[in-house]
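Worksheet for the structure shown next.
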2 protein chains.
Amino acid sequence: MLDAIDAAILRELQNDARISNKELATRVNVAASTCLERVRALQRRGVLAGFHADADPAALGRPLQAYIAVRVRPHNRDVVEPFIRFVLDLPETIALSHIAGADDFLVHVAVRDAAHLQRLLLDGFTSRREVAHLETQLIFSHIRKWDVGPM
Amino acid sequence: MLDAIDAAILRELQNDARISNKELATRVNVAASTCLERVRALQRRGVLAGFHADADPAALGRPLQAYIAVRVRPHNRDVVEPFIRFVLDLPETIALSHIAGADDFLVHVAVRDAAHLQRLLLDGFTSRREVAHLETQLIFSHIRKWDVGPM
DNA sequence: ACAGGTTCCGAATACTCTTCGGGGTATGGC
DNA sequence: GCCATACCCCGAAGAGTATTCGGAACCTGT
């Protein structure tokens with residue numbers, strides 16, 4: 001499915017998506033033209049879904065992160081879809097997971113401080129009729145591994 | 001802290017980290033040389049923490065994702081630090097959060113299937129002495145917002 | 001008004017991207 | 001074995017981009 005060269009390309013681009021194609025080609029030991037075609041093939045296949053700058057929320061004035069577990073009632077399409085749109089439109093939202101279990105959603109947010117979080121919870125979430133239950137957990141530290149390797 | 005041009009640069013690079021500097025300059029309406037210097041300043045300041053390719057776990061043979069909430073006992077430095085290293089070394093791990101609340105860690109994993117998840121839980125986690133409690137939640141869908149804006 | 005500092009720009013050179021034709025090499029049919 | 005097919009890789013070269021640097025414009029406080 002993915003040979004050694006593709007895997008190496010993936011690894012390098014996950015580590016630094018902004019290296020030049022020539023540099024990438026050198027690191028994975030193929031010609032630049034070959035490398036370029038490989039990268040495009042990976043994109044076409046959907047293995048490489050995109051390239052994103054990673055901004056530090058703390059440096060942008062949001063040093064506090066939290067998970068908000070939400071129960072949405074009734075849990076049907078007409079309620080869930082607007083809720084998802086609402087959450088994704090919040091500037092505080094970093095990620096949203098739809099999960100199986102006692103809670104229905106896990107929202108990862110970055111905020112200025114505790115007061116900001118409180119305001120977000122009270123004005124943003126509990127004021128919505130479909131939100132049946134909230135549980136908030138502060139995040140001390142969040143480490144994201146960028147190197148998702150092939151199996 | 002961050003003027004309109006920096007914010008625009010951030011937005012564009014979060015959306016596509018691999019656009020050329022010239023294209024970026026065009027989009028944010030400055031000269032290419034200015035744009036280059038701005039990007040470097042944002043990196044120097046730590047606002048732009050890195051550039052990463054986003055690989056699709058499903059396309060790499062790990063279509064199933066889950067959160068594993070872990071309680072670690074005793075919750076002291078000598079136990080916690082090796083545990084963090086262990087989790088980050090697992091190929092299944094995508095992200096790890098150290099949190100405040102009933103649970104101590106939330107581990108985001110991507111696996112092949114339910115059997116793989118079961119094996120990971122039994123052989124990887126519950127077999128470790130410091131793991132006092134586990135709670136696993138399947139993830140139906142996970143949406144990450146890339147545009148963390150300034151305040 | 002002016003000195004000091006900062007930010008921006010455009011020109012020019014060095015470097016990189018991208019295309020394309022051609023040459024290897026593996027595979028399968030006969 | 002031998003050919004046809006498909007695939008992948010490579011290097012050359014024109015088009016395009018990155019990067020540096022000197023100087024102009026613009027604040028800001030005195």
Side-chain angles (χ1 to χ4, degrees), chain A residues 1-63 91 146-151, chain B residues 1-63 91 146-151:
Chain A
M1 191 184 190
L2 222 64
D3 67 12
I5 295 174
D6 284 334
I9 288 175
L10 216 56
R11 185 164 28 78
E12 294 297 335
L13 286 180
Q14 285 181 120
N15 184 250
D16 182 0
R18 241 176 125 69
I19 56 172
S20 72
N21 179 62
K22 195 191 177 194
E23 171 67 19
L24 179 59
T26 304
R27 291 197 199 170
V28 305
N29 290 310
V30 292
S33 48
T34 305
C35 190
L36 191 69
E37 183 43 39
R38 289 256 189 175
V39 171
R40 292 211 264 233
L42 287 171
Q43 292 182 273
R44 250 181 282 123
R45 285 201 271 162
V47 175
L48 277 173
F51 304 97
H52 305 281
D54 176 29
D56 178 8
L60 290 169
R62 300 129 159 279
W146 292 103
D147 55 329
V148 178
M151 302 259 27
Chain B
M1 190 179 193
L2 223 65
D3 67 11
I5 295 174
D6 284 334
I9 288 175
L10 217 56
R11 187 164 26 79
E12 294 297 334
L13 285 180
Q14 284 181 121
N15 183 250
D16 181 0
R18 245 177 120 69
I19 56 171
S20 71
N21 179 63
K22 193 190 180 197
E23 170 68 18
L24 179 58
T26 304
R27 291 198 198 169
V28 305
N29 290 311
V30 291
S33 48
T34 304
C35 189
L36 193 68
E37 183 43 38
R38 290 255 190 176
V39 171
R40 293 211 264 233
L42 287 170
Q43 291 182 274
R44 249 182 282 123
R45 285 201 272 163
V47 176
L48 277 173
F51 304 97
H52 304 280
D54 175 30
D56 178 9
L60 290 169
R62 299 128 159 281
W146 293 103
D147 55 330
V148 178
M151 300 264 18

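Each chain gets a letter, A, B and so on, in the order its sequence line appears, and its residues count up from 1. Every value quoted in this text rests on a predicted model; they were computed, and no experiment measured them.
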Candidates D/dC10, C/dT7, C/dT18 - which lies nearest the side chain of A/Asn21: C/dT18
Between B/Leu24 and B/Ile9, does the side chain to side chain contact (heavy atoms under 4.5 Å, CB included) criterion hold? Intermediate values first, please. CA-CA 7 Å; B/Leu24 179 58; B/Ile9 288 175; 4.2 Å; yes
Given C/dG10, C/dT19, D/dT19, which nucleotide is nearest the side-chain atoms of B/Ala32? D/dT19
Rounded off to whole Å, could you give me the CD-to-P distance for the A/Gln43 and C/dT18 pair? 10 Å
Looking at C/dC9, C/dT19, C/dC17, which one has an atom nearest to any side-chain atom of A/Ser20? C/dC17
Rounded interatomic separation in angstrom, taking CG from A/Asp3 and P from C/dA26: 15 Å
Calculate, to the nearest 0.5 Å, the distance between atoms CZ and CG belonging to B/Arg18 and A/Leu48 respectively. 9.0 Å
Where the side chain of A/Ala31 is concerned, which of C/dC8, D/dC10, C/dT18 is the nearest nucleotide? D/dC10
B/Glu23 has an atom CD; how far is it from atom C1' of C/dT16, in whole Å? 17 Å
Please report the distance, rounded to the nearest Å, between CG in A/Leu2 and P in D/dC8. 13 Å
Grab the CD-P distance between B/Glu37 and C/dC8 for me, whole Å please. 9 Å
Out of C/dT19, D/dC9, C/dT16, whichever nucleotide has its closest atom nearest the side chain of A/Lys22: C/dT16
Is any NZ, NE, NH1 or NH2 atom of the basic residue among B/Glu37 and B/Arg44 found under 4.0 Å from an Asp or Glu carboxylate oxygen of the other? yes
Give the rounded distance in Å between these two atoms: CD1 of B/Ile19 and C1' of C/dT16. 17 Å
Taking only the side-chain heavy atoms of A/Leu36 (C-beta and beyond), determine which of D/dT19, C/dG10, C/dT18 contains the nearest atom. C/dT18
Below 4.0 angstrom from OP1 or OP2 of C/dC9, is there any side-chain N or O of B/Thr34? yes
Output the rounded distance in Å from CD1 (B/Ile9) to C1' (C/dC8). 13 Å
Does OP1 or OP2 of C/dC17 have a side-chain N or O of A/Arg40 closer than 4.0 Å? no
Checking A/Asp54 side chain against B/Gly50 main chain: does a donor-acceptor pair fall under 3.5 Å? no
Among D/dG11, D/dC8, C/dC8, which is the nearest nucleotide to the side chain of A/Arg38? D/dC8
Do the side chains of A/Arg27 and A/Asp16 get close enough for a salt bridge, i.e. N-O under 4.0 angstrom? no
